[in-house]
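Small disclaimer: the values here were computed from a predicted structure and weren't measured.
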Amino acid sequence: MKLNLLVLFMFFLLLSCITESKDKKVETQTTDSKQGEVIFPQVNDEFDGFLRYFEKAKLPIEIKGCNLSEKEMQEFKGDLFRKYVDEYHYGYKQIPTNGTYVATITLGSADCFLHVLTTYKLTGEKIDSKSISISYCGSECGYLCNEYMIIKEDYSLYVSDTISSSECDSLGNIIPGTTENYVIYKTGKLLKTGEIELSEEIRKELEE
């Protein structure tokens, strides 16, 4: 009888250990999931009024600046939000972060829209702001370009202008043998601190 009780006790002890181990595993997985979560943090009312100009977006996000329309964005008018954004910019996207800062993409008017990535503390104070465009697009004869930007899920950045440039004669015709095809690009990363790393411009020749 004592032997049976001892066996029964050992069985329940073993079952308890297995259950506890599973519970710890589930708890660890939940914690790890929360640590890797990206969110749109809560901010004060004034800063929230500014952020309402931005559509909340998921990563990855791609932008082709020459293909955008003003209908896709909201223009900042007057001085109401001047401490957050430069004049003549449009609110475009707010991207998710780790919750310790806010990140937005605004667009400036030019031949093609220029992308600007800005990060803020939760109080609305700027952390960093950088143009994530190459900005070489123009309308002169023999010149074609394609402005492109992507922020990937790991927060790495790639921005480029793919360019075809040719000389023209007085009649506006492309002069044979003068065409150059190349891409100018930068790479970078949005850091966990909200700071933005961006390389110098790199030029790569393309085949015709």
(request) Please report the shortest heavy-atom distance between I105 and I61, naming the atom on each side. (result) CD1-CD1, 4.2 Å
(request) Dump the intermediate steps for side chain to side chain contact (heavy atoms under 4.5 Å, CB included) on L206 and V183, then the final yes or no. (result) CA-CA 7 Å; L206 302 175; V183 60; 4.2 Å; yes
(message) How long is the straight-line distance from CG of L191 back to CD1 of I196, given to the nearest 0.5 Å?
(response) 9.0 Å
(request) Could you state whether Y143 and I175 fall into the same hydrophobic cluster, counting links through intermediate Ile, Leu, Val, Met, Phe, Trp or Tyr residues with side-chain heavy atoms under 4.5 angstrom apart? (result) no
(message) Between Y120 and T104, is there a side-chain heavy-atom distance shorter than 4.5 Å?
(response) yes
(request) Compare all side-chain heavy atoms of L59 with those of I95 and state whether any distance is below 4.5 angstrom. (result) yes
(message) Once rounded to the nearest 0.5 Å, what's the spacing between atom CD of E195 and atom CG of D128?
(response) 6.5 Å
(request) Taking all non-hydrogen atoms of both residues into account, name the closest pair between G172 and C141 and its distance. (result) O-SG, 3.5 Å
(message) Using the ring-ring contact (aromatic ring centres under 6.0 Å, His included) criterion, which residues pair with Y158? Sequence neighbours excluded.
(response) Y185
(message) Holding to side chain to side chain contact (heavy atoms under 4.5 Å, CB included), I want the full list of residues that pass it with K152, two or more places apart in sequence or in another chain.
(response) I150, D154, S156
(message) E197: which residues meet the salt bridge (Lys or Arg N to Asp or Glu O under 4.0 Å) condition with it, sequence neighbours left out?
(response) none
(request) Report the distance from atom CZ of R52 to atom CZ of F50, rounding to the nearest 0.5 Å. (result) 13.5 Å
(request) Taking all heavy atoms of G49 and all of Y53, pick out the closest pair and write down the distance. (result) O-CD1, 3.7 Å
(request) Side-chain contact test, heavy atoms from C-beta onward, threshold under 4.5 Å: evaluate it for Y182 versus S164 and give yes or no. (result) no
(request) Would you indicate whether the side-chain heavy atoms of V159 and I134 approach each other to under 4.5 Å? (result) yes
(request) Could you point out which residue of L107, V116, T118, L114 forms a side chain to side chain contact (heavy atoms under 4.5 Å, CB included) with H89? (result) V116
(message) If I compare all heavy atoms of L122 with all of G99, which pair ends up nearest, and what's the gap?
(response) CD1-O, 3.9 Å
(message) Can you confirm whether T179 sits close enough to I174 that some side-chain heavy atom of one is under 4.5 Å from a side-chain heavy atom of the other?
(response) yes
(request) Applying side chain to side chain contact (heavy atoms under 4.5 Å, CB included) between T106 and each of Y84, Y90, F54, report the one that passes. (result) F54
(message) Using modelled atom types and a 3.5 Å cut-off, is there a donor and acceptor pairing between side-chain atoms of D161 and backbone atoms of I163?
(response) no
(request) Could you tell me the separation between the OG atom of S160 and the CD atom of E147, rounded to the nearest 0.5 Å? (result) 7.5 Å
(message) What I want to find out is whether E46 reaches K83 closely enough, with some N-O distance under 4.0 Å, to be called a salt bridge.
(response) yes
(message) Could you measure the distance from the OH atom of Y148 to the OG atom of S133? Nearest 0.5 Å is fine.
(response) 13.0 Å
(request) Please name the pair of heavy atoms, one in S131 and one in L198, separated by the smallest distance, quoted to 0.1 Å. (result) O-CD2, 3.4 Å
(request) Compute the centroid of each ring, for Y92 and then for F113, and state whether the two points are separated by less than 6.0 Å. (result) no
(request) Indicate the atoms forming the closest heavy-atom contact of K121 with F47, along with that distance. (result) O-CE2, 3.7 Å
(request) State whether the number of non-hydrogen atoms from other residues, nucleotides or ligands found under 6.0 Å of E167 atom CD is greater than 12. (result) no
(message) One thing to verify: whether E205 and R203 come together as a salt bridge, which I'm taking to mean a side-chain N less than 4.0 angstrom from a carboxylate O.
(response) yes
(message) With a 4.5 Å cut-off on side-chain heavy atoms, are T119 and K126 touching?
(response) no
(message) Within this structure, what is the CG-OG distance for the pair L144 and S166, rounded to the nearest 0.5 Å?
(response) 7.5 Å
(message) Y136 vs E201, test: side-chain hydrogen bond (donor to acceptor under 3.5 Å, both in side chains). Steps then yes/no.
(response) CA-CA 12 Å; Y136 284 168; E201 291 181 1; 2.8 Å; yes
